[in-house]
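For reference, the structure I am asking about is given below.
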Amino acid sequence: MKSNGDLRSAKIPLNSGTGSIPALGFGTLIPDPAETKTATTNALKVGFRHLDCAERYRNEREVGEALQAELAAKAIAREDVFITTKLWNTNHRPERVGPAFDASCARLGISYADLYLIHTPFAFQPGDNLDPRDQSGNIIYDRGITLLDTWRAMESLADGGKCRAIGLSDVTLENLVPIYEAARIKPAVVQVESHPYHPQTELLDFCKQKGIVFLAFAPLGHGIRPGPLEDPAVLAIAQQASLTPAQVLLAWAIQRGTAVLTTAKSLDRARENYNISKIPETAVDKINRIQTRTQLNSVIQTGVPGFIAKGG
């Protein structure tokens with residue numbers, strides 16, 4: 001990890017593609033389009049330089065509008081902002097990967113993406129319906145395609161240069177290992193749910209061993225109550241360090257060697273989540289010893305995002 005001691009500016013080198021990824025990033029999973037634009041603008045203004053997007057969030061256009069406004073005002077430069085977006089499940093067939101990527105870039109108003117992820121390892125029935133279901137309400141899967149087929153198309157996309165690095169999201173170690181072993185271009189990033197109640201230590205160890213960036217989403221427990229934000233150990237550390245519980249959890253995530261995504265809808269919350277600082281190693285160890293185990297998002301079992309309302 002490249003850092004001058006300030007977690008806010010820390011970056012983690014990518015093992016493929018070019019450059020490095022900011023350790024602290026902003027997630028754009030915000031249902032309301034107007035809120036998306038405002039929140040993205042706030043995030044950029046307070047200092048976030050990684051925007052994590054996805055076709056499935058249905059708000060790439062609003063994220064792009066906020067980004068383009070800041071670029072036009074010369075408040076930021078494109079090369080200073082790391083942009084991630086994701087291939088949705090209905091576009092796993094190799095012939096759909098390139099067009100899906102181009103469509104995401106067009107909505108975001110960018111000529112290249114720094115990182116493109118396969119959103120989940122599950123292939124859905126191809127088409128424009130992002131949530132294809134049968135008459136009984138069950139997801140219609142595409143059984144004629146494998147994850148490796150899709151990965152090969154991702155590699156071809158990376159060869160073209162408009163996508164600077166590729167990776168996977170919402171995967172288990174069992175999903176990841178075969179892709180890693182077969183890949184011509186190794187995954188640069190793996191994005192998964194991770195927080196003290198779901199630390200995914202085995203997956204993190206594998207990623208560290210292979211030089212894959214482990215990118216944690218829901219680091220604050222996605223607002224679930226009770227959750228990591230109310231954990232007695234976290235509350236005690238926050239009081240001792242004069243930090244908020246959210247700042248403690250974000251610092252813990254980065255100091256254990258992961259990159260992290262946080263979402264804030266208000267300017268004050270964006271400032272809080274950005275203005276983090278290191279916690280003592282004894283505090284990191286104390287959080288590591290938390291025994292509670294809770295996985296919040298069921299997406300890795302079905303490919304259906306647990307944090308997006310059905311039909312959303």
Side-chain angles (χ1 to χ4, degrees), residues 6-10 22-54 56-73 75-76 80-86 107-109 191 193-197 215-231 234-235 237-239 241-254 258-279 296-297 305-309 312:
D6 188 342
L7 298 183
R8 298 172 299 178
S9 59
L24 181 60
F26 186 78
T28 64
L29 177 50
I30 301 170
D32 181 78
E35 272 192 327
T36 296
K37 189 172 180 179
T38 301
T40 302
T41 299
N42 289 340
L44 292 169
K45 286 186 181 299
V46 303
F48 284 95
R49 291 297 179 262
H50 175 199
L51 299 178
D52 179 78
C53 315
R56 184 62 181 87
Y57 300 166
R58 300 182 188 266
N59 62 3
E60 286 175 312
R61 199 172 306 281
E62 288 74 22
V63 173
E65 289 171 358
L67 173 64
Q68 296 309 317
E70 292 300 295
L71 293 174
I76 52 174
D80 295 331
V81 184
F82 190 99
I83 306 293
T84 297
T85 193
K86 306 182 192 75
R107 286 188 291 267
L108 289 163
Q191 182 182 136
E193 176 188 341
S194 181
H195 42 78
Y197 289 3
L215 177 58
F217 72 80
L220 311 182
H222 198 65
I224 303 298
R225 300 290 192 273
L229 285 168
E230 292 84 24
D231 189 274
V234 174
L235 292 174
I237 293 165
Q239 184 174 26
S242 298
L243 297 169
T244 67
Q247 290 169 333
V248 168
L249 290 170
L250 294 171
W252 169 79
I254 295 174
T258 77
V260 66
L261 297 170
T262 181
T263 301
K265 295 179 183 178
S266 72
L267 180 58
D268 286 345
R269 189 69 71 192
R271 288 190 178 118
E272 175 190 346
N273 290 356
Y274 181 72
N275 289 319
I276 62 174
S277 56
K278 283 187 174 181
I279 57 176
L296 304 172
N297 196 325
F307 295 162
I308 299 177

Donor-acceptor under 3.5 Å (E70 side chain, K45 main chain)
no

Report the distance from atom CD of Q191 to atom CG of L261, rounding to the nearest 0.5 Å.
5.0 Å

Positive for side chain to side chain contact (heavy atoms under 4.5 Å, CB included) with F26, one of D52, N42, L51, V46:
L51

Spacing of Q247 atom CD and Y274 atom OH [to the nearest 0.5 Å]
13.0 Å

Atom pair NE2 (H195) and CG (L250), whose distance is rounded to the nearest 0.5 Å:
13.0 Å

For the residue pair V260 and L215, establish whether any side-chain heavy-atom pair is separated by less than 4.5 Å.
no

Would you say Q239 has more than 12 foreign heavy atoms packed within less than 6.0 Å of its CD?
no

Check N273 against A246 and note the closest heavy-atom contact, atom names and distance.
OD1-CB, 3.9 Å

Heavy atoms of F82 and P22 approach each other most closely as CB-CD, 3.6 Å

Check whether any side-chain heavy atom of R8 lies under 4.5 Å from a side-chain heavy atom of N275, and answer yes or no.
yes

Just so I know, are the side chains of L7 and L24 near enough to count as touching, which here means a heavy-atom distance under 4.5 Å?
no

Search all heavy atoms of E193 against all heavy atoms of A218 and return the closest pair with its distance.
CG-CB, 4.3 Å

Evaluate the side-chain contact (heavy atoms from CB on, under 4.5 Å) criterion for residues L296 and Y197: first the C-alpha distance (whole Å), next the side-chain angles of each, then the deciding distance (0.1 Å), finally the verdict.
CA-CA 9 Å; L296 304 172; Y197 289 3; over 6 Å; no

Can you tell me if T258 uses its side chain to pair, donor with acceptor, with the backbone of A253 under 3.5 Å?
yes

Sequence neighbours excluded, every pair satisfying side-chain hydrogen bond (donor to acceptor under 3.5 Å, both in side chains) that has a member inside residues 25-35:
none

Gap separating the CD atom of E65 from the CG atom of L108, nearest 0.5 angstrom:
10.5 Å

For residues A238 and P245, report the shortest heavy-atom separation together with the two atoms involved.
CB-N, 3.8 Å

Minimal non-hydrogen separation, P228 against P196, with atom names
CB-CD, 4.2 Å

Could you give the distance from CG (L220) to CZ (R269), rounded to the nearest 0.5 Å?
9.0 Å

Would you call L67 and I76 a side-chain contact if the rule is heavy atoms closer than 4.5 Å?
yes

Please enumerate all residues that pass salt bridge (charged side-chain N to carboxylate O under 4.0 Å, His left out) together with E62, with sequence neighbours excluded.
none

Interatomic distance, CD@Q68 vs CZ@R61, rounded to 0.5 Å, equals 12.0 Å

Minimum side-chain heavy-atom gap R271-L267 below 4.5 Å
yes

Do F48 and T262 have side-chain heavy atoms sitting under 4.5 Å apart?
yes

T85, T36, T40, T84 screened by side chain to side chain contact (heavy atoms under 4.5 Å, CB included) with C53, the one that passes
T85

Contact summary for D6 and I276, nearest pair of heavy atoms
OD1-O, 4.5 Å

